[in-house]
Amino acid sequence: ADSASGGAPSGAYESQMPGGTTMRLSFRDGGAVKIAMTEDGKTDAHDGKWILNGEVILVEGGEGMVMQLSWRGNALVTDFGGATLTFNKV
């Protein structure tokens with residue numbers, strides 16, 4: 001994988017979810033990630049962790065939430081609740 005795609009994520013990525021909620025993942029060094037959900041102008045954020053497992057980035061949030069993200073170009077994609085979410089760097 002080249003530097004633009006693949007490997008460990010860094011910085012913030014954001015996706016629009018069905019229903020108008022915005023989810024933002026802010027990746028930090030050391031496997032920490034902040035997961036923020038913004039709905040109707042209110043943001044609910046919690047801390048999670050991420051690991052790079054081959055080509056897949058596993059994000060573990062609170063309450064047993066796990067997302068498997070994979071690179072598609074410069075974006076991260078995941079299937080979440082039956083929808084495909086595309087996270088773009090912000």
Side-chain angles (χ1 to χ4, degrees):
D2 59 41
S3 61
S5 176
S10 65
Y13 290 79
E14 201 167 87
S15 177
Q16 297 294 325
M17 298 175 70
T21 301
T22 300
M23 187 189 305
R24 179 184 284 223
L25 302 175
S26 302
F27 293 97
R28 304 199 175 98
D29 290 337
V33 62
K34 185 176 179 188
I35 303 161
M37 309 277 265
T38 303
E39 189 174 14
D40 299 329
K42 294 196 298 274
T43 300
D44 178 29
H46 53 269
D47 294 314
K49 47 188 195 276
W50 65 271
I51 57 168
L52 186 61
N53 183 5
E55 294 292 303
V56 176
I57 298 148
L58 295 172
V59 171
E60 196 177 298
E63 298 158 16
M65 182 187 109
V66 177
M67 286 192 297
Q68 291 190 29
L69 296 152
S70 50
W71 291 105
R72 187 178 294 164
N74 292 327
L76 290 164
V77 294
T78 187
D79 290 316
F80 187 79
T84 299
L85 300 184
T86 301
F87 288 88
N88 292 298
K89 186 107 191 210
V90 290

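Cluster annotation: Val33 and Val77 are assigned to distinct hydrophobic clusters (Ile/Leu/Val/Met/Phe/Trp/Tyr, side-chain heavy-atom contacts under 4.5 Å, transitive). Residues Val56 and Phe87 do not share a hydrophobic cluster, defined by chaining ILVMFWY side chains whose heavy atoms lie under 4.5 Å apart.
Among all heavy-atom pairs drawn from Trp50 and Pro9, the shortest one is CZ3-CD, 3.7 Å. Of all non-hydrogen atoms in Thr43 and Ala36, the two that sit nearest each other are CG2-CB, 3.9 Å. Across all non-hydrogen atoms, the minimal contact from Ala45 to Lys34 is CB-CE, 3.6 Å. Residues Gln68 and Thr78 approach most closely at O-OG1, 2.8 Å, considering heavy atoms. Between Ile57 and Gly7 the shortest heavy-atom distance is CD1-O, 4.0 Å.
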From CA spacing to verdict: side chain to side chain contact (heavy atoms under 4.5 Å, CB included), Ile35, Met65: CA-CA 11 Å; Ile35 303 161; Met65 182 187 109; 3.9 Å; yes

Verdict with supporting geometry, Leu76 and Trp71, side chain to side chain contact (heavy atoms under 4.5 Å, CB included): CA-CA 5 Å; Leu76 290 164; Trp71 291 105; 3.5 Å; yes

Side-chain donor-acceptor contacts of residues 15-29 below 3.5 Å, not counting sequence neighbours, with atom names and distances?
unit_1: Ser15; atom_1: OG; unit_2: Thr86; atom_2: O; d: 3.1
unit_1: Gln16; atom_1: OE1; unit_2: Thr22; atom_2: OG1; d: 3.2
unit_1: Gln16; atom_1: NE2; unit_2: Thr22; atom_2: OG1; d: 3.2
unit_1: Arg24; atom_1: NE; unit_2: Glu14; atom_2: OE2; d: 2.8
unit_1: Arg24; atom_1: NH2; unit_2: Glu14; atom_2: OE2; d: 2.9

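For Glu39, there are no side chain to side chain donor-acceptor pair (under 3.5 Å) partners at least two apart in sequence or on another chain.
Applying the 6.0 Å contact sphere to NZ of Lys49 captures no more than 12 heavy atoms from other residues, nucleotides or ligands.
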